[in-house]
Amino acid sequence: MSRSSRQALLLVFFYSMLAAAWGWRLLAPDGSPLPETSVLDATRTTIASSLALAPRHLQQAAILQLATLPDPQLESLRTWLKAVPEQRLRQLTVQQGPVHTPCPLHAALVFAELANPAAPFCDDSHLLISACGDRLDESLKIEALELIASQAISSHEMNLAVEIHERVCTSPAATWQNLLRLTEASRLARRPAAALRVVNEWLEAKSSRLSDHQRESALDLQIALLLEGTRYAEASRISLDALRALQPSDAVPLRHLERALLATRAAGESAELLPWIERQLRTCPEHRLSLSDLSSGKGITSGYRRWLREGASIADLNHQTSIACELFFRLAAIGETHVLARLQALAPQLGRGKELAEVLTRLQSRFTPLQVARALADGDSPAAARSLLVPHLRSSPEDREAWRLLTQIDVTQRGESAAPILWEGFLKHFPDDVPALQHLAQLQFAAAQYPQALATLQSIPSAQLDAATLRRISLLATHLDDIPAAHRAQQLLISSAAHPAVSDVLALASISLHHPDSITADASRNAAFAKLPVGTPLHKSLTDAPATGKVTQFSTAVEAK
C-alpha cells in the first residue's frame with residue numbers, strides 16, 4: 001500500500017475515533033464549557049498524518065490513544081510540533097516529552113521522527129535512541145536501532161551501521177536475525193572481525209540463546225568469517241578441535257566435516273582431515289563392497305561419491321599414494337571416469353596394473369571405448385587412450401569421433417608440425433567433415449600455405465559455408481589474384497543474408513570491377529545493391545546514373561582589347 005493510501009485510511013479511522021470521543025464528551029453530565037477545539041483538532045490531524053511513517057503494528061494503538069488524548073497533553077504536542085526535528089526527537093528520548101512514556105503514541109512518534117526525511121543524522125539518532133532508557137521497550141529499541149542502521153547503509157556510512165548492529169546484539173532481547181543483520185553489515189563494511197567477535201560471544205555464553213539448529217549455523221558462520229578475514233590457521237584449528245572432541249564411537253557429523261574441509265584446505269592442512277574422511281567412509285555400506293560389486297553402479301549414494309572424491313584428492317595432494325590409489329580405484333569402479341588418468345599413473349607404481357586392466361574392462365560394459373579413451377586423454381594419459389582406441393577402430397572403422405580423438409592424440413604426441421598431415425589422413429576417411437576441413441585450412445593458413453588453404457576451404461559444400469568462412473575465402477582468393485573465386489564467395493555471402501552488411505556489398509562492387517566477365521559482374525552487383533535499404537543516400541549514390549554534361553569550346557588565350 002502506498003504512503004498516501006495509508007495516510008488516507010489513518011485519517012478516516014482517526015476522524016471516526018475522534019467523533020466517538022467528542023460524542024462521549026458532549027454527553028458528559030458535568031456541563032462544563034467546551035474549550036476551543038479548532039487548534040486541537042488541527043494538531044490531532046497533523047499528528048495522525050505523521051503516524052503513517054511509523055511501523056504498521058504501532059499505528060492502530062497510537063491512533064486510539066491520540067483520539068482520546070487529554071487536552072493538556074494535546075497542547076504539549078502542539079508545542080512539540082513547532083520544534084526542529086532534532087529537538088523533537090531529543091524530547092521523545094532523553095528530555096521531557098509531550099506525552100507520558102512508555103505508551104503506544106510515544107513509540108509511534110519516535111519511529112515517525114526517525115523515518116521523517118528531515119530526521120537528524122544517523123549518528124545523532126543512534127545516540128539518542130541508545131540513551132532513551134525505559135522510554136521504549138527493548139524490542140522497540142532494537143527495531144529503531146536497526147532502522148537507523150539501514151539508513152546508515154543507504155547513506156554509505158558502513159562503519160556506523162556496524163557499530164549500531166553491534167549495540168543491538170549486546171541486548172538480551174537480540175535474536176538470531178539481529179546477528180545475521182550484523183554479519184551482513186560487517187561484510188558490506190569489509191569488517192568480518194566485528195561480526196566474528198559477537199558470534200564468538202554468543203557461542204561461548206553459558207546460557208546460550210541459540211537453538212540447536214541456530215548453533216550449528218553459528219558455527220558455520222564462525223568458520224566463514226574467519227576465512228573471510230584470512231585467519232585460516234585459526235579456522236583450521238577450531239574445526240579440527242571439534243572433530244577431535246568426538247568419542248571413538250560417535251558418528252562424524254557431516255556438517256563438522258564440511259567446515260573442516262573448507263578450513264583445512266584454506267590453511268594448507270588438509271592432510272589432517274584425511275583420517276576423519278576415512279572414518280566417515282567406513283560408516284558407509286558401499287565401502288564394504290568389492291570393486292567388482294561397485295562396478296554395477298547401483299545403490300551408490302551421492303554422499304559416498306562426494307567423500308571418496310575429497311579423500312582421494314587430499315591423499316594424492318599429500319603424497320599418500322596407497323590411500324589415494326585405493327580411493328581412485330573405488331571411484332573408477334563406480335563410474336567416475338575422470339580419475340582414470342591419475343589411476344593409470346599410480347596403479348603400476350604399486351603393482352596393481354592387473355586390477356587396473358580389470359576395472360577398464362568392466363567400465364567398457366557401462367561406457368563406450370570412446371568415452372573411456374576421452375577420459376584418459378583429458379587426464380593427460382594419451383598413450384593409454386591410444387592403446388584403447390586402436391583396437392576399437394579395427395572393429396569399428398566408421399566411428400568418426402574415435403578417429404577424431406585418435407588424430408588429436410597423435411597431434412599431441414608428434415607435435416604441431418605434423419598436424420596438417422595427420423588431419424589430411426583423417427579427411428581421407430571422412431572427406432565431408434566440415435570442422436576438420438576448417439581446422440586444416442587454419443593450419444595451412446598459419447603455415448603460409450595459402451593456395452592449399454584456399455583449396456581446402458573451397459572443398460566445403462556451399463550449403464555449409466558460414467559467413468566467416470566465406471570472408472576468409474574471399475580474402476585468400478583476392479590475395480592470390482583469383483578474382484572469380486573471390487567474387488563467388490562474396491556473392492554467396494550477400495545472397496545468404498536477408499540484410500547484408502554494407503561493407504560486404506562495397507567489397508563485392510570493388511571485386512566486380514576486376515571480374516573478367518563484365519555481364520556476370522554487373523548482374524551480381526545490381527542484385528547486391530537491390531538488397532540495400534531503398535531511399536538512403538548510399539543507395540541513391542550507388543544506383544543513380546552518373547550525371548552528364550555538354551562540353552563547350554573554350555580558349556586559354558587572352559583576348560586583346
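The structure displayed is predicted, hence computed values, not measured ones. We use all heavy atoms of the structure for the numbers below, so side chains are in, but hydrogens, waters and symmetry mates are not.
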Practice task
For Q222 and S239, run side-chain contact (heavy atoms from CB on, under 4.5 Å): C-alpha distance rounded to whole Å, both residues' side-chain angles, the deciding distance at 0.1 Å, then the answer.
Solution key: CA-CA 10 Å; Q222 180 188 47; S239 59; over 6 Å; no
Fill in the blank from the handout: Rounding to 0.5 Å, atoms CD (E228) and CG (L221) come to a distance of 8.0 Å
Completion exercise
Taking every heavy atom of R288 against every heavy atom of R282, the minimum-distance pair comes out as NH1-O, 3.6 Å
Practice task
Kindly say whether L405 contributes a backbone atom to a donor-acceptor pair with the side chain of R374 at under 3.5 angstrom?
Solution key: no
Completion exercise
Between the CG atom in L376 and the OG atom in S387, the distance rounded to the nearest 0.5 Å is 7.5 Å
Problem - Backbone N/O of Q408 and side chain of T412: donor-acceptor pair under 3.5 Å - result: yes
Exercise for the section: Would you kindly say whether S462 and R488 are connected by a side-chain donor-acceptor distance under 3.5 Å? Expected result: yes
Handout entry: Beyond-backbone contact of Q371 with T337, side-chain heavy atoms, under 4.5 angstrom
Key = no
Practice task
Take E326 and R352, measure what salt bridge (Lys or Arg N to Asp or Glu O under 4.0 Å) needs, and give me the verdict at the end.
Solution key: CA-CA 10 Å; E326 177 60 30; R352 303 183 67 175; 3.1 Å; yes
Handout entry: Considering all heavy atoms, the nearest I223-A235 contact
Key = CD1-O, 3.7 Å
Handout entry: Atom of A324, atom of D316 and distance for their closest heavy-atom approach
Key = CB-N, 3.6 Å
Practice task
Inspect the surroundings of CZ in R255 and state if more than 12 heavy atoms from other residues, nucleotides or ligands are less than 6.0 Å away.
Solution key: yes
Exercise for the section: State the OG-CD1 distance between S295 and I334, to the nearest 0.5 angstrom. Expected result: 11.0 Å
Exercise for the section: Give the C-alpha distance, both sets of side-chain angles, the deciding distance and a yes or no for salt bridge (Lys or Arg N to Asp or Glu O under 4.0 Å) between E216 and R259. Expected result: CA-CA 10 Å; E216 288 299 318; R259 287 195 286 266; 3.2 Å; yes
Practice task
Mind running side-chain contact (heavy atoms from CB on, under 4.5 Å) on L327 and L281 for me, showing each step along the way?
Solution key: CA-CA 10 Å; L327 297 181; L281 289 173; 4.1 Å; yes
Exercise for the section: Give a yes or no answer on whether the side chain of Q464 reaches the backbone of I460 with a donor-acceptor pair at less than 3.5 Å. Expected result: no
Practice task
Answer yes or no: are there more than 12 heavy-atom neighbours, outside E278 itself, under 6.0 Å from its atom CD?
Solution key: yes
Practice task
Please say whether more than 12 non-hydrogen atoms of neighbouring residues, nucleotides or ligands are located less than 6.0 Å from CZ in F121.
Solution key: no
Problem - Within-4.5 Å side-chain heavy-atom neighbours: Q452 and L440 - result: no
Problem - D293, CG atom: more than 12 neighbouring heavy atoms under 6.0 Å - result: yes
Exercise for the section: Heavy atoms only: give me the nearest L427-A436 pair and the separation to one decimal. Expected result: CD2-CB, 3.7 Å
Practice task
Compare all side-chain heavy atoms of L356 with those of Q344 and state whether any distance is below 4.5 angstrom.
Solution key: yes
Problem - Between D466 and T469: side-chain donor-acceptor atoms closer than 3.5 Å - result: yes
Handout entry: L350 atom CG: more than 12 heavy-atom contacts under 6.0 Å
Key = yes
Fill in the blank from the handout: Tightest non-hydrogen contact, residues W423 and L443, listed as CD1-CD1, 3.7 Å
Practice task
Return the set of residues passing side-chain hydrogen bond (donor to acceptor under 3.5 Å, both in side chains) with S459 (not counting sequence neighbours), or none when no residue passes.
Solution key: none
Exercise for the section: Check step by step if side-chain contact (heavy atoms from CB on, under 4.5 Å) holds for L340 and L363. Expected result: CA-CA 10 Å; L340 289 176; L363 284 175; 3.7 Å; yes
Handout entry: Salt-bridge contact R305-E286 (side-chain N to carboxylate O under 4.0 Å)
Key = no
Practice task
Could you pull out all residues at least two apart from A486 that satisfy side chain to side chain contact (heavy atoms under 4.5 Å, CB included)?
Solution key: S474, A477, T478, I511
Exercise for the section: Assess whether atom CD of Q442 is packed by more than 12 heavy atoms of other residues, nucleotides or ligands within 6.0 Å. Expected result: no
Problem - Nearest-0.5 Å distance that lies between atom CG in L188 and atom NE2 in H156 - result: 11.0 Å
Problem - Parallel, tilted or perpendicular: rings of H429 and W403 (30°, 60°) - result: parallel
Handout entry: CA sep, side-chain torsions, deciding dist, call: C284, W307, side-chain contact (heavy atoms from CB on, under 4.5 Å)
Key = CA-CA 10 Å; C284 300; W307 292 110; over 6 Å; no
Handout entry: Ring geometry between F426 and F430 (parallel below 30°, tilted from 30 to 60°, perpendicular above 60°)
Key = tilted
Problem - Exam field: side chain S396 to backbone L393, donor-acceptor pair closer than 3.5 Å - result: no
Exercise for the section: Enter the distance from R197:CZ to L182:CG here, rounded to the nearest 0.5 Å. Expected result: 9.0 Å
Exercise for the section: Drop me the distance from T183's OG1 to L196's CG, to the nearest 0.5 angstrom. Expected result: 9.5 Å
Handout entry: Flag side-chain contact, heavy atom, 4.5 Å: P461 against D432
Key = no
Handout entry: Under-4.0 Å salt bridge between R404 and E401
Key = yes
Problem - Partner of S236 by side chain to side chain donor-acceptor pair (under 3.5 Å), out of R265, E269, R231 - result: E269
Problem - Residue pair A332 / L343: nearest heavy atoms and the distance that separates them - result: CB-CD2, 4.0 Å
